[in-house]
Peer 1: 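One structure is given below, represented as structure tokens, and several questions about it will come after.
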Amino acid sequence: KIAAQSVSRFKDKIREMTTRHCSRSINETIHVMTPVLRGWISYFRLTKVKGVLEELDGWIRRKLRCLLWRQWKRVYTRARNLMKAGLTEERAWWSATNQRGAWWNAGASHMNQAFRKGWFDKMGLVSLLDVTDSSSVNMNRRGTEPYARWCERTGVVKLLLLDCVLSTGWESLIFHD
């Protein structure tokens with residue numbers, strides 16, 4: 001199980017990367033976050049806490065949606081970008097003029113519909129849950145570990161070398177009667 005203090009420290013790191021005063025695009029923010037996400041999940045890769053990782057994934061995406069909402073400072077920009085993301089004109093204008101805060105809008109259905117998990121995957125955001133699912137599958141399957149495949153190949157090569165040595169007449173050096 002992942003300790004609450006570890007989750008809290010992880011969230012603090014993500015908050016530092018997604019603060020208001022950082023003038024970075026969403027791509028740059030995701031690029032900066034990637035090593036932290038990969039490092040954190042590689043440390044906790046063997047845990048079986050799907051709920052915590054799902055919650056953290058959703059929280060990270062909401063933080064990024066919040067960052068997008070703050071970057072679109074004007075109502076017109078918000079409506080235009082929501083329409084570009086696939087919302088109808090009426091819903092985009094209704095959402096852009098709702099007078100709610102950035103965090104509320106980041107969790108609202110219009111932002112979730114416009115910027116789904118697949119959109120963040122295309123942008124290069126590392127999903128904590130997907131990384132642990134793929135690593136646990138790879139660790140359980142025989143022959144998927146790179147070192148194990150390397151060992152299997154060298155075992156075959158050793159057999160081939162032994163056959164080569166036996167066929168050249170060096171049997172007296174290897175086998176003593």
Side-chain angles (χ1 to χ4, degrees), residues 1-139 144:
K1 183 176 172 159
I2 300 173
Q5 188 177 6
S6 296
V7 173
S8 176
R9 280 196 311 260
F10 175 70
K11 283 185 172 185
D12 289 341
K13 281 184 186 178
I14 299 299
R15 280 187 193 105
E16 287 174 14
M17 292 179 220
T18 58
T19 56
R20 276 190 152 162
H21 53 81
C22 290
S23 59
R24 286 191 289 234
S25 69
I26 196 80
N27 288 334
E28 292 171 355
T29 304
I30 289 173
H31 182 72
V32 169
M33 286 173 59
T34 299
V36 174
L37 295 173
R38 287 194 186 280
W40 196 82
I41 200 57
S42 68
Y43 184 80
F44 291 108
R45 72 181 175 271
L46 298 178
T47 59
K48 301 292 182 194
V49 284
K50 184 179 177 183
V52 173
L53 297 177
E54 278 180 345
E55 181 184 327
L56 283 172
D57 270 346
W59 183 82
I60 290 167
R61 286 191 300 272
R62 186 171 180 179
K63 285 296 283 181
L64 291 172
R65 286 186 198 105
C66 185
L67 189 67
L68 279 174
W69 192 261
R70 285 189 194 129
Q71 287 175 355
W72 307 333
K73 294 181 180 183
R74 295 174 45 221
V75 171
Y76 177 76
T77 308
R78 290 174 179 168
R80 188 185 62 217
N81 286 333
L82 288 171
M83 285 186 275
K84 279 183 189 176
L87 268 75
T88 63
E89 185 177 357
E90 180 185 354
R91 181 149 189 223
W93 277 104
W94 180 81
S95 302
T97 57
N98 66 11
Q99 298 295 314
R100 301 277 186 153
W103 185 250
W104 186 92
N105 278 295
S109 62
H110 60 271
M111 286 294 278
N112 283 314
Q113 183 181 350
F115 301 102
R116 297 181 183 274
K117 181 184 180 304
W119 186 82
F120 288 107
D121 291 342
K122 286 179 189 173
M123 296 294 285
L125 181 67
V126 176
S127 170
L128 303 176
L129 189 61
D130 292 348
V131 170
T132 55
D133 286 346
S134 64
S135 66
S136 64
V137 167
N138 285 341
M139 289 180 69
T144 56

Peer 1: For residues W93 and L82, determine if any side-chain heavy atom of one lies less than 4.5 Å from a side-chain heavy atom of the other.
Peer 2: no

Peer 1: Less than 4.5 Å apart, any side-chain heavy atom of K1 and any of V52?
Peer 2: no

Peer 1: Minimum heavy-atom separation for M17 and R24, please, with both atom names.
Peer 2: O-NH2, 2.8 Å

Peer 1: Using a 4.5 Å cut-off on heavy atoms from C-beta on, say whether the side chain of L128 contacts that of I60.
Peer 2: yes

Peer 1: Mind listing the closest non-hydrogen atom pair of S42 and G39 along with its distance?
Peer 2: OG-O, 2.9 Å

Peer 1: Quick one, L53 and I41 - any side-chain contact, counting heavy atoms below 4.5 Å?
Peer 2: yes

Peer 1: Quick one: closest heavy-atom pair of W104 and R62, and the distance?
Peer 2: CA-NH2, 4.1 Å

Peer 1: Could you report the tightest heavy-atom contact between A79 and A96, atom names first, then the distance?
Peer 2: N-CB, 3.6 Å

Peer 1: Rounded to the nearest 0.5 Å, what separation is found between the OG1 atom of T18 and the CG atom of L68?
Peer 2: 11.5 Å

Peer 1: Under 3.5 Å, which donor-acceptor pairs do the side chains of residues 107-116 form with other protein atoms, sequence neighbours left out?
Peer 2:
{"from": "S109", "atom 1": "OG", "to": "R91", "atom 2": "NH2", "distance (Å)": "2.7"}
{"from": "H110", "atom 1": "ND1", "to": "S95", "atom 2": "OG", "distance (Å)": "3.4"}
{"from": "H110", "atom 1": "NE2", "to": "N105", "atom 2": "OD1", "distance (Å)": "3.1"}
{"from": "N112", "atom 1": "OD1", "to": "R65", "atom 2": "NH1", "distance (Å)": "2.9"}
{"from": "N112", "atom 1": "OD1", "to": "R65", "atom 2": "NH2", "distance (Å)": "3.3"}
{"from": "N112", "atom 1": "ND2", "to": "G107", "atom 2": "O", "distance (Å)": "3.2"}
{"from": "N112", "atom 1": "ND2", "to": "A108", "atom 2": "O", "distance (Å)": "3.2"}
{"from": "Q113", "atom 1": "OE1", "to": "R91", "atom 2": "NH1", "distance (Å)": "2.2"}

Peer 1: Would a 4.5 Å heavy-atom cut-off, applied to side chains only, mark M33 and L64 as touching?
Peer 2: yes

Peer 1: Nearest 0.5 Å please: distance from the CD atom of E90 over to the CE atom of M83.
Peer 2: 12.0 Å

Peer 1: So, the side chain of T34 versus the backbone of I30: is there a donor-acceptor pair under 3.5 Å, distance only?
Peer 2: yes

Peer 1: Are I14 and L37 close enough that some pair of their side-chain heavy atoms sits under 4.5 Å apart?
Peer 2: yes

Peer 1: To the nearest 0.5 Å, tell me how far C66 SG sits from Q71 CD.
Peer 2: 10.5 Å

Peer 1: Given side chains that start at C-beta, do those of D130 and K117 come closer than 4.5 Å, heavy atoms only?
Peer 2: yes

Peer 1: Out of curiosity, W94 CH2 to T88 OG1, how far, rounded to the nearest 0.5 Å?
Peer 2: 11.0 Å

Peer 1: If you look at every heavy atom in V36 and V32, which pair is closest and at what distance?
Peer 2: CG2-O, 4.4 Å

Peer 1: What are the two closest heavy atoms between S127 and D57, and how far apart are they?
Peer 2: OG-OD2, 2.8 Å

Peer 1: Is it true that, when you exclude K11 itself, more than 12 heavy atoms of the residues, nucleotides or ligands shown sit nearer than 6.0 Å to its NZ?
Peer 2: yes

Peer 1: In this structure, are over 12 heavy atoms from other groups packed under 6.0 Å from W103 atom CH2?
Peer 2: yes

Peer 1: With sequence neighbours excluded, tell me which residues meet ring pair (Phe, Tyr, Trp, His ring centres under 6.0 Å) with W40.
Peer 2: F10, F44

Peer 1: Has R15 got more than 12 heavy atoms of other residues, nucleotides or ligands less than 6.0 Å from its CZ?
Peer 2: yes

